[in-house]
Amino acid sequence: HQSSLPNAAKGFPPREPREPSGARPSRLGGKRWCPVSGVGLARHSLLLMLSLLSCVAPLSWHIQPAAPSHVRLAAGLCVDEFTALPLPLLPFPGWKRQARERAIDEWAASRRALLASGEPHALIVGLRDAAEAGRFFEGVDDGLLGFAELGLLPPPPEGRAAAAEPAGEAIAGAEAATVAAEATAAAAAAAAAAEPPMYPYIANVAVRVGARRLGLGRALVEEAERTAVELGFDRLYIKVDRQNFGARRLYDRLGYEICYLQNRPPDRTNKQRQMLFLRKAVGAGAA
């Protein structure tokens, strides 16, 4: 039978012996080549990535107080990061763009009013260096890279409770005082309760996607801390979303501690639900 004849008798070249599966070599340019294993391929990919990163200069910036032209840029970044645009009853084409522009106009107008009022309020921006304008970075442009806001607000309940402790001790030790002294202390306590002390808060720390994890957020927070010390304050608060773990890791590394948890009611115009109040002693308070 013809099928039982050897290949040479059929006119075909002799068949090469097979090698065990898993170690079968391939022919490349007439030479035997073994495929790279998974570990070796990952190692080569990592080395190639590191070599490419070493050839690219890092993104550079400078920190400064916001100029009037920067307020609207900061408003756009803040609205995109922290504001949920309200959905109209009858959505129409372009409603999101109009709602975003309206929110930006309101935010920018309120911040311009605060900065012009003379009250202790600061808007700190991180700007891309002009020397590298036009160099492509995904997610950034040649303008604003990030910003942070510093303003005065009453302390959280934890702070008010701590501030009320000396008053309680004074009342407890005033049993032997005169009626006039008691009335004066009561009036002072009522005035303090009516007008709680104001402390600086860092708020709305936002960095563009392409400039994250490069140290810009830390630089903005540290500049806000220096501004608070220059204003004469010895402690600083930050209000952050409980689910914002990236920001919480940054604040934890900078020495902020949780002092209060606030539950927010459902709000269609805000993405943040549970808020954490963080505190840090700065300046004379840290000594």
Side-chain angles (χ1 to χ4, degrees), residues 61 63-66 70-71 74-84 107 110-111 114-115 119-126 144-163 196-209 211-265 267 269-287:
W61 59 78
I63 308 294
Q64 68 175 52
H70 301 144
V71 176
L77 182 56
C78 182
V79 168
D80 293 339
E81 291 293 328
F82 304 119
T83 303
W107 196 96
S110 65
R111 275 17 180 222
L114 281 173
L115 294 173
E119 298 180 0
H121 193 90
L123 193 62
I124 303 165
V125 296
L144 183 77
L145 298 180
F147 81 99
E149 192 173 7
L150 184 72
L152 296 185
L153 290 172
E158 182 269 347
R160 288 200 291 270
M198 307 291 279
Y199 288 95
Y201 277 72
I202 296 178
N204 299 329
V205 180
V207 177
R208 292 197 183 277
V209 175
R212 292 175 184 173
R213 300 187 180 279
L214 299 175
L216 178 57
R218 184 187 187 99
L220 289 169
V221 173
E222 290 176 345
E223 182 63 25
E225 292 176 357
R226 285 189 287 268
T227 303
V229 173
E230 292 174 0
L231 293 174
F233 293 95
D234 60 353
R235 58 177 163 170
L236 194 64
Y237 291 95
I238 290 179
K239 189 177 180 181
V240 62
D241 184 6
R242 188 179 183 182
Q243 301 298 322
N244 192 350
F245 299 109
R248 289 178 59 183
R249 279 193 296 268
L250 170 63
Y251 301 144
D252 182 68
R253 292 169 184 169
L254 289 173
Y256 287 85
E257 299 178 351
I258 299 174
C259 63
Y260 182 66
L261 172 64
Q262 179 190 46
N263 291 315
R264 294 175 59 96
D267 188 355
T269 62
N270 201 304
K271 299 178 182 178
Q272 304 167 354
R273 292 294 178 260
Q274 281 191 325
M275 306 299 297
L276 291 176
F277 285 79
L278 311 179
R279 182 183 62 187
K280 179 181 178 181
V282 295

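Small disclaimer: the values here were computed from a predicted structure and weren't measured.
- Looking only at side-chain heavy atoms (C-beta outward), Leu150 and Leu236 come within less than 4.5 Å of each other.
- Atom NZ of Lys239 and atom CG of Leu153 lie 8.0 Å apart (nearest 0.5 Å).
- Around atom CD of Glu257, no more than 12 heavy atoms belonging to other residues, nucleotides or ligands sit under 6.0 Å away.
- Residues that satisfy the ring pair (Phe, Tyr, Trp, His ring centres under 6.0 Å) test with Trp61, not counting sequence neighbours, are absent from this structure.
- The two residues Val125 and Ala66 have their closest heavy-atom pair at CG1-CB, 3.7 Å.
- Note that CG of Leu254 and CZ of Arg218 are 4.5 Å apart. Values are rounded to the nearest 0.5 Å.
- Contact record, Val207 with Leu77: N-CD2, 4.4 Å, taken as the closest heavy-atom pair.
- Contacts of Ala203 classified as side chain to side chain contact (heavy atoms under 4.5 Å, CB included), with partners at least two apart in sequence or in another chain: none.
- With sequence neighbours left out, the side chain to side chain contact (heavy atoms under 4.5 Å, CB included) criterion links Arg213 to Arg249.
- In this structure, the side chain to side chain contact (heavy atoms under 4.5 Å, CB included) partners of Arg226, at least two apart in sequence or on a different chain, are Glu222, Glu223.
- In this structure, a donor-acceptor pair under 3.5 Å is present between the side chains of Tyr237 and Arg235.
- Interatomic distance, CG of Leu276 versus OH of Tyr251, reported as 11.5 Å (0.5 Å rounding).
- Classification of the Tyr260-Phe277 ring pair by plane angle, with boundaries at 30° and 60°, yields tilted.
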Passes side-chain contact (heavy atoms from CB on, under 4.5 Å), Ile258 versus Arg279? Steps please. CA-CA 6 Å; Ile258 299 174; Arg279 182 183 62 187; over 6 Å; no
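- Contacts of Phe233 classified as ring pair (Phe, Tyr, Trp, His ring centres under 6.0 Å), with partners at least two apart in sequence or in another chain: none.
- With sequence neighbours excluded, the residues that form a side-chain hydrogen bond (donor to acceptor under 3.5 Å, both in side chains) with Tyr256 are Glu225.
- Applying the side chain to side chain contact (heavy atoms under 4.5 Å, CB included) rule to Ala74 yields the partners Trp107, Leu123, Leu144, Phe147; only residues at least two apart in sequence or on another chain are considered.
- In terms of heavy atoms, Lys280 sits closest to Gly255 at CG-O, 4.0 Å.
- Separating the CG atom in Leu216 from the CD1 atom in Ile63 is a distance of 5.0 Å, to the nearest 0.5 Å.
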Would Glu119 and Leu114 count as a side-chain contact (heavy atoms from CB on, under 4.5 Å) if you check the C-alpha gap in whole Å, the side-chain angles of each, and the deciding distance to 0.1 Å? CA-CA 7 Å; Glu119 298 180 0; Leu114 281 173; 4.2 Å; yes
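- Residues Ala122 and Thr227 come closest through the heavy atom pair CB-CG2, 4.1 Å.
- In this structure the side chain of Tyr201 reaches within 4.5 angstrom of the side chain of Pro156, judged on heavy atoms.
- Across all non-hydrogen atoms, the minimal contact from Pro155 to Pro197 is CD-O, 2.9 Å.
- Partners of Arg242 according to the salt bridge (charged side-chain N to carboxylate O under 4.0 Å, His left out) rule, which considers only residues two or more places apart in sequence or in another chain, do not exist here.
- Judged as a side-chain hydrogen bond (donor to acceptor under 3.5 Å, both in side chains), and not counting sequence neighbours, the contacts of Arg111 are Glu149.
- The minimum heavy-atom distance between Leu220 and Ala206, with the atom names listed, is CD1-O, 4.4 Å.
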